[in-house]
Amino acid sequence: MVGTPETADALADFLLSEGALGLVTEDAAQEPDGIRIRASFCATPPVTEIVARLARYRDSLKTLGLAGGENRIAVREIPSEDWGRAWKAHFRPLPVGRRLVIAPPWEDEGFPTDRCVVRIDPGMSFGTGHHATTRMCLEALEAFMDEWDSVPGPRVLDVGTGTGILGIAAAVLGAERVVACDTDPEACAAAARNLNENNVRDRIRLFHGGVDVLTGERQFDLVVANLDTTTFCPLVKILRGLLAPRGRLVVSGILVEEEATLTGAVAASGLRVISGWIDGEWLGVTLGQEREKAPSG
């Protein structure tokens, strides 16, 4: 579809909230002030219903006085074997934070020597660093690693790993041990390929399933969860049980309008909000134990 500078971010976020597997925005040269938004969905959801909801959302933006033009919506079926070729045309290296650059495997151009390269082939999964929620998690992960002053590095859990981007970033930034899990078999397959691509397969344990499959896994210094409110809130008490006494839980994927729901679930879990940040319509927070043991000595 075609949006405008005033509506592009809102429309992109809406498409991702509807389950888009990937999304690209680009200038539409033939449209005055136009921005083309390409979103990809798997065949399972009824795309016609998504289009209808998108049209209603577009119209609601107009009622708020946001210039939207015609915002034409078009649907095209892409065979699964062509997915990779479609992404290669749009996925470019992306610097994130101070120390990371996210790049596809086929990009061979030189990268700054002061940045750690995380190579991601999205396959059919979400997580290339281009969306605000992934960037927020990566930046919070980097900040946590920068503050870690012990040897060995921290133990990290990546819940809903998708392409594996957060777990891989933790490994290349110096985590001692990383565990990643996802309930989607396509995501696990994509993550496994990306672990191999980044030569971190021996440092990351990948599980197909939810956190209930992590039997015997305890005491993570950092848990990262790029999940929506519906998925995250029922898990927050379980994730608290996986935290080390002074561990941190980073969650993104929360719409700003759902902050009250998140706050209620956090309060009931015995965790507390340490910091929070907003990027567009999205909220990210870092959580910790309500009472933390004082450092010994």
Side-chain angles (χ1 to χ4, degrees), residues 96-100 102 116 118 120 125-148 153-184 187-188 190-191 194-195 198 200 203-207 209-211 213-214 217-229 231-244 246-254 262 265-266 269 271-279 282-289:
V96 178
R98 297 185 303 102
R99 299 173 58 193
L100 294 169
I102 313 302
C116 300
V118 175
I120 296 294
S125 300
F126 174 79
T128 62
H130 287 73
H131 188 251
T133 60
T134 309
R135 288 197 306 273
M136 286 193 289
C137 279
L138 287 167
E139 290 166 357
L141 167 65
E142 180 187 75
F144 180 89
M145 298 297 294
D146 286 347
E147 294 174 1
W148 188 267
R155 296 153 296 179
V156 178
L157 170 62
D158 176 12
V159 181
T161 192
T163 58
I165 185 171
L166 299 178
I168 294 168
V172 301
L173 287 173
E176 175 198 13
R177 179 168 63 92
V178 180
V179 174
C181 64
D182 203 296
T183 58
D184 183 353
C188 288
N194 288 322
L195 299 190
N198 289 274
V200 293
R203 299 169 57 193
I204 301 178
R205 295 189 67 190
L206 177 63
F207 291 89
V211 292
V213 304
L214 305 179
E217 297 288 349
R218 292 292 186 275
Q219 302 293 287
F220 291 97
D221 302 298
L222 176 66
V223 176
V224 288
N226 187 7
L227 304 172
D228 59 34
T229 308
T231 305
F232 174 75
C233 288
L235 296 178
V236 63
K237 289 184 179 180
I238 300 173
L239 296 179
R240 181 197 176 191
L242 295 172
L243 281 178
R246 299 179 65 82
R248 296 290 181 261
L249 169 55
V250 171
V251 57
S252 187
I254 309 297
L262 173 67
V266 169
S269 73
L271 292 171
R272 62 188 176 94
V273 176
I274 295 173
S275 62
W277 56 97
I278 293 175
D279 189 333
W282 299 98
L283 171 70
V285 295
T286 296
L287 309 173
Q289 307 281 8

Discussion item. Less than 4.5 Å apart, side chain to side chain, heavy atoms only: is that true for Phe232 and Leu262?
Written reply: yes
Worksheet entry | salt bridge (charged side-chain N to carboxylate O under 4.0 Å, His left out) partners of Arg203, counting only residues at least two apart | none
Worksheet item: Applying salt bridge (Lys or Arg N to Asp or Glu O under 4.0 Å), which residue pairs with at least one partner in residues 155-168 are found, sequence neighbours left out?
Response: Arg155-Asp221
Fill in: Reported CD1-to-SG distance for the pair Ile254 and Cys233, which is rounded to 0.5 angstrom
6.0 Å
Worksheet entry | CG-OG1 distance between Asp182 and Thr163, expressed to the nearest 0.5 angstrom | 9.5 Å
Worksheet item: What heavy-atom pair brings Ala170 and Val178 nearest, and what distance separates the two atoms?
Response: CB-CG2, 4.1 Å
Response to the item:
Per side chain to side chain contact (heavy atoms under 4.5 Å, CB included), Ile204 is matched among Ile168, Val156, Thr161 by Ile168
Item to complete: For residues Pro154 and Gly174, report the shortest heavy-atom separation together with the two atoms involved.
Response: CD-O, 4.2 Å
Discussion item. Working to the nearest 0.5 angstrom, can you tell me the gap between Ile102 CD1 and Ile165 CD1?
Written reply: 4.0 Å
Discussion item. I'd like to know if the side chain of Gln289 pairs up with that of Arg240 as donor and acceptor (distance under 3.5 Å, no hydrogens or angles considered).
Written reply: yes
Worksheet item: Taking all atoms of both residues into account, what is the closest heavy-atom pair of Ala265 and Val236, and its distance?
Response: O-CG1, 3.7 Å
Worksheet item: Can you tell me if Asn194 uses its side chain to pair, donor with acceptor, with the backbone of Ile120 under 3.5 Å?
Response: no
Worksheet entry | Pairwise distance OG1(Thr286) to CH2(Trp277) - rounded to 0.5 angstrom | 3.5 Å
Discussion item. If I take atom CG from residue Leu166 and atom CG from residue Leu138, how far apart are they, to the nearest 0.5 angstrom?
Written reply: 5.0 Å
Practice prompt. Indicate the atoms forming the closest heavy-atom contact of Val213 with Phe207, along with that distance.
Written response: CG2-CB, 3.8 Å
Discussion item. Test of understanding: with side-chain hydrogen bond (donor to acceptor under 3.5 Å, both in side chains), list the residues that count as partners of Thr231, not counting sequence neighbours.
Written reply: Asp228
Item to complete: Considering non-hydrogen atoms only, spot the tightest contact between Asn226 and Cys137 and give its length.
Response: CB-SG, 3.9 Å
Discussion item. Listing request: all side chain to side chain donor-acceptor pair (under 3.5 Å) pairs with a residue in residues 165-179, at least two apart in sequence or in separate chains.
Written reply: Arg177-Glu217
Discussion item. Quick one: does any side-chain atom of Asn198 pair with a main-chain N or O of Val118 as donor and acceptor, under 3.5 Å?
Written reply: no
Practice prompt. Tell me, please, which residues at least two apart from Phe144 pass ring-ring contact (aromatic ring centres under 6.0 Å, His included).
Written response: Trp148
Fill in: Heavy-atom pair with the smallest gap, counting every atom of Leu173 and Met145
O-CE, 3.2 Å
Worksheet item: Counting distance only, does the side-chain N/O of Ser252 pair as donor-acceptor with the main-chain N or O of Thr133 below 3.5 Å?
Response: yes
Item to complete: Kindly state each residue pair satisfying side chain to side chain donor-acceptor pair (under 3.5 Å) with at least one member in residues 137-147, sequence neighbours excluded.
Response: Arg98-Asp146, Arg99-Asp146
Worksheet item: Any side-chain heavy atom of Leu249 sitting closer than 4.5 Å to one from Leu242?
Response: no
Worksheet entry | Among Leu243, Val273, Leu239, Val250, the one residue meeting side chain to side chain contact (heavy atoms under 4.5 Å, CB included) with Leu287 | Val273
